[in-house]
> 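Dropping a structure here in structure tokens format, bear with me for questions.
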Amino acid sequence: MTAETKLGWVEEAWSKALEKTQKNSRRIGAGFPHASQGGRYELAQPYWWTAGFWPGQLWLLYNESKDESLRALAEDCEEQLDQVLNDYVRLDHDLGFMWTLTSVASYKLLASEVSKVRALKAANFLAARFNLKGSYIRAWNPWYEGEDNRGYAIIDCAMNMPLLFWAAETSGDPRYRHIAEAHMDTVVKHFIRPDGSVYHIVRFDPETGEFLEGIGGQGYAAESAWSRGTAWAIYGLTLAYHHTGKAEYLHTAQKVAHFFLARLPEDHVPHWDFRAPGEERGFRDSSAGACAASGLLLLADKVGETEAPVYREPAIRMLESLYRNYGTWDNDAEEGMILHGTSNYPAGTNIDVPVIYGDFFYVEGLARLKGNGPFYWE
């Protein structure tokens, strides 16, 4: 019996997550929840970067429960994303978040050929954002007239690379993998500082590929340590190792994980930025904890039996703390599962509220503890 199966709270937590999702689904339906305000998830447009997390959560819970109502909603969400894919103009680097958790999930669980084609289309659009000179996937598009972010790459995009790794494996065409590896090589070289902390944004010269600067983005400052960006790096680098076997990705993921774990507070759930000054650091980001926990569980599976507890045990502590200290199981007035998420502190948006990606990664972490694959990133 493994350590995880001795944890009775995991089955209890899973049951409550399923119950909460089933209840929420009757109100949210095939919408695209983003952040909870006043106890209700605000619904975003289908082109928003978080559009995949609710259907991804539905697929995770459907996989064990076989609740056909959850499957139907997940498939409806995926169909709605067709317009986003076909319109093209709203697409940016987050195609991986959106179609890995919808179309790749559907293909892995149900062998849907329609979903396979959708995911391959999305992978082609994502690959087309690759800047050859700088070896990075370009982030975003201009938000307003005159803005120039052609040279921007962000750490979040490490989690979009699994779509390209999947496309390479599924199509037999290695070009997708080559692009994903080139981007992840850039992450290792330019995003990860010697101490294991992480830049959110790196700016390159889009014509020459020259590294120009690191930018704070959603972190407190350029040289601070945004906790969700740190979690993206842990998970994204571990996934890159999973898909390629390149030891550099594994070792870098471990370095970032050690930075993250060494700075957790007593309840094991991170503040939104590890280096924000005291008065600014007060808010937690439960979504960073949930994402890191799921990534750490995968990392534990990759490092071998001797080192595995270094990552597995704190991941379990994080998930249990989220369940016991941050969960809303006894609060029917709150749709979000996990309290105290922080979306974008510098912009003043969605601070100290549940966010859908926090819920998703929390459920995914529980699924990892239960051994409930497949996991769509892999």
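Throughout, numbering of the chain's residues begins at 1 and tracks the sequence.
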> Parallel, tilted or perpendicular: which describes the rings of W226 and H200, with under 30° parallel and over 60° perpendicular?
tilted
> Would you call the rings of F165 and H243 parallel, tilted or perpendicular, taking 30° and 60° as the class edges?
parallel
> Would you mind telling me which of D352, D267, T342 makes a side chain to side chain donor-acceptor pair (under 3.5 Å) with R284?
D267
> Given 3.5 Å as the limit, does a donor-acceptor pair link the side chain of T244 with the main chain of A240, or not?
yes
> Working note: T238 + L250, criterion side chain to side chain contact (heavy atoms under 4.5 Å, CB included); need CA distance, chi angles, decisive distance, verdict.
CA-CA 6 Å; T238 304; L250 179 66; 5.5 Å; no
> Backbone N or O of L120 within a donor-acceptor pair of the N124 side chain at under 3.5 Å?
yes
> For residues 125-135, run the donor-acceptor check on the side chains, cut-off 3.5 Å, and write out each pair with its distance to 0.1 Å, sequence neighbours left out.
| residue | atom | partner | partner atom | Å |
| --- | --- | --- | --- | --- |
| R129 | NE | R138 | O | 3.0 |
| R129 | NH1 | N141 | OD1 | 3.2 |
| R129 | NH2 | R138 | O | 3.3 |
| R129 | NH2 | W140 | O | 2.3 |
| R129 | NH2 | N141 | OD1 | 3.2 |
| N131 | OD1 | K133 | N | 3.0 |
| N131 | OD1 | G134 | N | 2.9 |
| N131 | ND2 | Y136 | OH | 3.2 |
| N131 | ND2 | P206 | O | 3.1 |

> Within the side chain of K116, is there an N or O that forms a donor-acceptor pair under 3.5 Å with the backbone of K108?
no
> Tell me if a side-chain donor or acceptor on S227 pairs with a main-chain N or O of H271 at a distance below 3.5 Å.
yes
> Within a reach of under 6.0 Å around CD of Q37, are more than 12 heavy atoms found that belong to other residues, nucleotides or ligands?
yes
> Check whether R275 reaches the backbone of Y220 with its side chain - one donor and one acceptor, N or O, closer than 3.5 Å.
no
> Please verify the inter-ring angle class for Y357 with H34; under 30° counts as parallel, over 60° as perpendicular, anything in between as tilted.
tilted
> Under 3.5 Å, is there a donor-acceptor pair between the side chain of N24 and the main chain of E335?
yes
> Regarding R281 and the six-membered ring of F274, is the cationic atom NZ or CZ under 6.0 Å from the ring centre and inside 45° of its axis?
no
> Quick check: does any side chain N or O of W329 sit under 3.5 Å from a backbone N or O of Y323, one acting as donor and the other as acceptor?
yes
> For A225, does its backbone N or O pair with a side-chain atom of D273 as donor and acceptor, under 3.5 Å?
yes
> Let me see the working for F204 and T186 under side chain to side chain contact (heavy atoms under 4.5 Å, CB included), right down to the final yes or no.
CA-CA 11 Å; F204 301 90; T186 297; 3.6 Å; yes
> Donor-acceptor check, side chain of D359 to backbone of M337, threshold 3.5 angstrom: yes or no?
yes
> Answer yes or no: is there a donor N or O on one side and an acceptor on the other, between the side chain of W54 and the main chain of S25, under 3.5 Å?
no
> For E42 and S36, what are the C-alpha separation, side-chain angles and deciding distance, and is it a side-chain hydrogen bond (donor to acceptor under 3.5 Å, both in side chains)?
CA-CA 6 Å; E42 294 184 336; S36 176; over 6 Å; no
